[in-house]
Enquirer: 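Quick one: this structure, given as structure tokens, is what I'll be asking you about.
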Amino acid sequence: MALSSPTIKLSNGKEMPLVGFGLWKVTNETCADTVYNAIKTGYRLFDGACDYGNETEAGQGVKRALDEGLVKREDLFIVSKLWNSFHDKEQVKPICKKQLADWGVDYFDLFIIHFPIALKYVAPEVRYPPGFFYEDKKVELSKTSLETTYQAMEELYDEGLIKAIGISNYTGTLLLDVERYARHMPHTLQIEHHPYLVQQDLIDLCKSRNIAVTAYSSFGPQSFLELNLQKAHDAPVLFEHKDIKSIADKHNKTPAQVLLRWATQRGIAVIPKSNNQSRLAQNLDVCSFDLTEEEIKTINAMDRGLRFNNPLNYGVPIPIFA
Ligand SMILES: NC(=O)c1ccc[n+]([C@@H]2O[C@H](COP(=O)([O-])OP(=O)(O)OC[C@H]3O[C@@H](n4cnc5c(N)ncnc54)[C@H](OP(=O)(O)O)[C@@H]3O)[C@@H](O)[C@H]2O)c1
């Protein structure tokens with residue numbers, strides 16, 4: 001029998017799966033098959049982005065599953081993100097429509113401002129995905145404010161092109177600022193969250209505003225090893241941490257499942273990525289056992305404020321977490 005994920009209710013009443021599949025670094029060659037197989041396995045939420053460069057292939061996987069009648073569109077929860085170089089008011093809708101066309105769908109269940117960084121517009125015909133860098137490895141900012149971009153996102157929501165609005169990589173200060181101008185408060189915040197970067201204050205702030213939190217990079221340094229990030233190589237591997245291993249042994253689960261359950265049991269959604277079918281299936285089975293309060297506290301205590309997905313770590317001179 002296929003696995004499934006419980007859902008959480010967003011502030012607008014929409015149900016979002018607590019466990020989804022992350023598409024960052026899923027290769028173009030394998031993406032359609034991976035998405036199709038993930039749907040077969042029971043995944044319903046897919047976390048994509050312009051920046052991952054694989055939305056067309058992800059859409060092909062979705063199409064195959066729809067054509068075969070495995071699922072209906074309304075069973076799926078498709079997430080995409082607005083890249084930094086499309087923050088200018090007049091660029092938000094055209095790029096959202098292009099991304100919808102790439103996926104082959106007519107609405108996103110959730111569309112997220114990927115980073116609180118506005119970069120100069122790059123036409124898709126010139127470079128896509130545009131990335132952070134312009135000529136000579138320079139980064140060129142746009143003058144558009146986050147408020148303006150957010151208002152353009154709200155227009156997409158009003159028009160029904162997107163069914164929920166998300167923000168990502170926002171700090172508490174920015175979230176409090178959104179509250180000053182939003183007509184529709186963000187429905188979700190997506191942040192880096194693992195035992196080395198717990199961000200409990202930010203999570204509590206979201207809770208107080210009824211904003212759902214989605215954790216990315218739940219396995220901490222693991223995702224950043226292949227990017228050759230020195231910080232990730234220097235950090236102790238979470239899967240081999242003695243506390244994680246002993247909790248996993250006690251529950252007869254893998255360390256990865258413990259890391260994901262630590263989040264889901266606290267109501268935080270997860271979107272693990274795997275290029276491997278058996279790990280992908282394992283990662284969906286992370287709501288069928290419970291950690292003890294003591295175990296959750298033990299994992300919380302591993303916090304060391306260690307952030308991997310900081311633009312500064314990729315040579316982008318924009319210190320958004322300063
Ligand atoms: N909003 C943002 O700025 C942002 C930033 C980063 C990520 N994200 C989203 O969050 C998703 C997840 O984060 P992530 O991709 O950084 O990392 P992740 O899911 O924490 O980790 C992926 C890494 O863990 C390995 N892995 C997966 N399942 C495993 C298991 N059960 N046992 C052992 N190893 C396992 C994968 O290798 P294999 O593939 O070989 O299994 C890969 O190396 C992304 O795909 C993306 O959708 C968003």
Enquirer: For the hydrophobic clusters of this structure (ILVMFWY residues joined by side-chain heavy atoms under 4.5 Å, transitively), does one cluster hold both Ile296 and Leu202?
Expert: yes
Enquirer: Tell me whether the count of non-hydrogen atoms from other residues, nucleotides or ligands lying under 6.0 Å of NZ in Lys14 goes above 12.
Expert: yes
Enquirer: So, for His193 and Val198, which heavy atoms are closest and what is the spacing to 0.1 Å?
Expert: ND1-O, 3.0 Å
Enquirer: Anything under 30° is parallel, anything over 60° is perpendicular, the rest tilted; go ahead and classify Phe21 against Phe46.
Expert: tilted
Enquirer: CG of Leu10 to CG of Leu110: how many Å apart, nearest 0.5 Å?
Expert: 7.5 Å
Enquirer: What are the two closest heavy atoms between Ala58 and Leu23, and how far apart are they?
Expert: CB-CD1, 4.1 Å
Enquirer: Does Val26 belong to the same Ile/Leu/Val/Met/Phe/Trp/Tyr cluster as Leu225, with side-chain heavy atoms less than 4.5 Å apart forming each link?
Expert: no
Enquirer: Looking only at atom types and distance, does a side-chain atom of Arg307 sit under 3.5 Å from a main-chain N or O of Asn310, one as donor and one as acceptor?
Expert: no
Enquirer: If you look at every heavy atom in Leu161 and Leu100, which pair is closest and at what distance?
Expert: CD2-CD1, 4.0 Å
Enquirer: Compare every heavy atom of Ile8 with every heavy atom of Gly267, then report the nearest pair and how far apart it is.
Expert: O-CD1, 4.2 Å
Enquirer: Between Phe224 and Trp24, is the gap from one ring center to the other below 6.0 Å?
Expert: yes
Enquirer: Consider only side-chain N and O atoms of Asn169 and Gln190, and report whether a donor and an acceptor are under 3.5 Å apart.
Expert: no
Enquirer: Look at the side chain of Ser142 and the backbone N and O of Lys120, then say whether any donor-acceptor pair between them is shorter than 3.5 Å.
Expert: no
Enquirer: Would you say Gln91's side chain and Asp88's backbone share a donor-acceptor pair under 3.5 angstrom?
Expert: no
Enquirer: Please check if the number of heavy atoms outside Lys231 that lie under 6.0 Å from its NZ is greater than 12.
Expert: yes
Enquirer: Taking the side chain from Gln199 and the backbone from Glu192, do they hold a donor-acceptor pair closer than 3.5 Å?
Expert: yes
Enquirer: Would you say the side chains of Thr41 and Gln277 form a donor-acceptor pair under 3.5 Å?
Expert: yes
Enquirer: Does a side chain donor of either Asn309 or Tyr216 reach within less than 3.5 Å of an acceptor in the other side chain?
Expert: yes
Enquirer: Does Gly20 offer a backbone N or O that forms a donor-acceptor pair with the side chain of Arg44 under 3.5 Å?
Expert: no
Enquirer: If you group Ile, Leu, Val, Met, Phe, Trp and Tyr by side-chain heavy-atom gaps below 4.5 Å, do Ile271 and Leu197 land in one group?
Expert: no
Enquirer: May I ask you to test the Pro130-Tyr121 pair for a side-chain heavy-atom distance under 4.5 Å?
Expert: no
Enquirer: Indicate, with yes or no, if the rings of His194 and Phe308 have centres closer together than 6.0 Å.
Expert: yes
Enquirer: Taking atom OG1 of Thr214 and atom CG of Asp47, what is their separation to the nearest 0.5 Å?
Expert: 7.5 Å
Enquirer: Do the side chains of Asp51 and Lys81 get close enough for a salt bridge, i.e. N-O under 4.0 angstrom?
Expert: no
Enquirer: Output yes when a side-chain donor or acceptor of Asn283 lies under 3.5 Å from a complementary backbone atom of Pro272, and no otherwise.
Expert: no
Enquirer: Do you see a donor-acceptor pair shorter than 3.5 Å between the side chains of Thr7 and Glu15?
Expert: yes
Enquirer: First locate atom OH of Tyr52, then atom OG1 of Thr27, and finally report the distance between them rounded to the nearest 0.5 Å.
Expert: 15.5 Å
Enquirer: Keeping the roles fixed (side chain from His187, backbone from Ile165), state whether a donor-acceptor pair exists under 3.5 Å.
Expert: yes
Enquirer: Do the charged groups of Lys253 and Asp285 touch, with an N to O distance under 4.0 Å?
Expert: yes
Enquirer: Could you check whether Ser80 and Gln99, counting side-chain N and O atoms only, form a donor-acceptor pair closer than 3.5 Å?
Expert: yes
Enquirer: Tell me, with the steps shown, if Arg209 and Glu179 meet salt bridge (charged side-chain N to carboxylate O under 4.0 Å, His left out).
Expert: CA-CA 9 Å; Arg209 283 5 191 218; Glu179 195 168 52; 2.7 Å; yes
Enquirer: I'd like to know whether Thr298 forms a side chain to side chain donor-acceptor pair (under 3.5 Å) with Asp243, so could you lay out the CA-CA distance, the side-chain angles of the two residues, the decisive distance to 0.1 Å, and finally the verdict.
Expert: CA-CA 8 Å; Thr298 301; Asp243 291 336; over 6 Å; no
Enquirer: What distance do Ile299 atom CD1 and Leu259 atom CG have between them, rounded to the nearest 0.5 Å?
Expert: 6.5 Å
Enquirer: Determine, for Lys25 against Glu226, whether the closest basic-nitrogen to carboxylate-oxygen distance falls under 4.0 angstrom.
Expert: yes
Enquirer: Please report the shortest heavy-atom distance between Tyr150 and Pro186, naming the atom on each side.
Expert: OH-N, 2.9 Å
Enquirer: Kindly give the heavy-atom pair with the smallest separation between Leu119 and Gly131, and that separation in Å.
Expert: CD1-O, 4.1 Å
Enquirer: Indicate yes or no: does Asp106 engage Arg73 in a salt bridge with an N to O separation below 4.0 Å.
Expert: no
Enquirer: Could you verify whether a donor N or O on one side chain and an acceptor N or O on the other, from Tyr157 and Asn12, lie under 3.5 Å apart?
Expert: yes
Enquirer: Please assess Arg64 against Asp33 for the test salt bridge (charged side-chain N to carboxylate O under 4.0 Å, His left out), listing each intermediate value before the final yes or no.
Expert: CA-CA 9 Å; Arg64 206 188 309 163; Asp33 285 343; 2.8 Å; yes
Enquirer: Working to the nearest 0.5 angstrom, can you tell me the gap between Ser274 OG and Phe219 CZ?
Expert: 8.0 Å
Enquirer: Please confirm whether Lys163 makes a cation-pi placement over Tyr107, using NZ or CZ under 6.0 Å from the six-membered ring centre and within 45° of the ring normal.
Expert: yes
Enquirer: Within a reach of under 6.0 Å around CD of Glu293, are more than 12 heavy atoms found that belong to other residues, nucleotides or ligands?
Expert: no
Enquirer: Is there a side-chain contact between Val258 and Pro255 (heavy atoms, below 4.5 Å)?
Expert: no
Enquirer: Surrounding CG of Asn276 (heavy atoms of other residues, nucleotides or ligands, distance under 6.0 Å), is the total greater than 12?
Expert: yes
Enquirer: For the pair Tyr43 (side chain) and Leu280 (backbone), establish whether a donor and an acceptor sit closer than 3.5 Å, ignoring hydrogens and angles.
Expert: yes
Enquirer: State whether a side-chain donor-acceptor pair under 3.5 Å links Gln60 with Tyr36.
Expert: no
Enquirer: Is the closest side-chain donor-acceptor distance between Lys273 and Ser223 under 3.5 Å?
Expert: no
Enquirer: Under 4.0 Å between a Lys/Arg side-chain N and an Asp/Glu carboxylate O for Lys245 and Asp249?
Expert: no
Enquirer: Verify side chain to side chain contact (heavy atoms under 4.5 Å, CB included) between Ile167 and Ile211, making sure each step is shown before the conclusion.
Expert: CA-CA 10 Å; Ile167 50 180; Ile211 297 170; 5.7 Å; no
Enquirer: Please confirm whether Phe132 and Tyr314 have ring centers closer than 6.0 angstrom.
Expert: no
Enquirer: Considering residues, nucleotides and ligands other than Lys98, do more than 12 of their heavy atoms fall under 6.0 Å from its NZ?
Expert: yes
Enquirer: Roughly how far, to the nearest 0.5 Å, is the OH atom of Tyr170 from the CD1 atom of Ile113?
Expert: 3.5 Å
Enquirer: Indicate yes or no for a side-chain donor-acceptor contact from Arg127 to the backbone of Val122 under 3.5 Å, with no hydrogens or angles considered.
Expert: no
Enquirer: Do you see a donor-acceptor pair shorter than 3.5 Å between the side chains of Trp262 and Asn300?
Expert: yes
Enquirer: Would you say the side chains of His251 and Glu295 form a donor-acceptor pair under 3.5 Å?
Expert: yes
Enquirer: Does one hydrophobic cluster hold both Tyr134 and Leu312, with members joined at side-chain heavy-atom distances below 4.5 Å?
Expert: no
Enquirer: Walk me through it: do Arg183 and Asp158 pass the test salt bridge (charged side-chain N to carboxylate O under 4.0 Å, His left out)?
Expert: CA-CA 10 Å; Arg183 281 191 293 115; Asp158 291 337; 2.7 Å; yes
Enquirer: In the single-linkage hydrophobic clustering (I, L, V, M, F, W, Y; side-chain heavy atoms under 4.5 Å), do Leu175 and Phe321 co-cluster?
Expert: yes
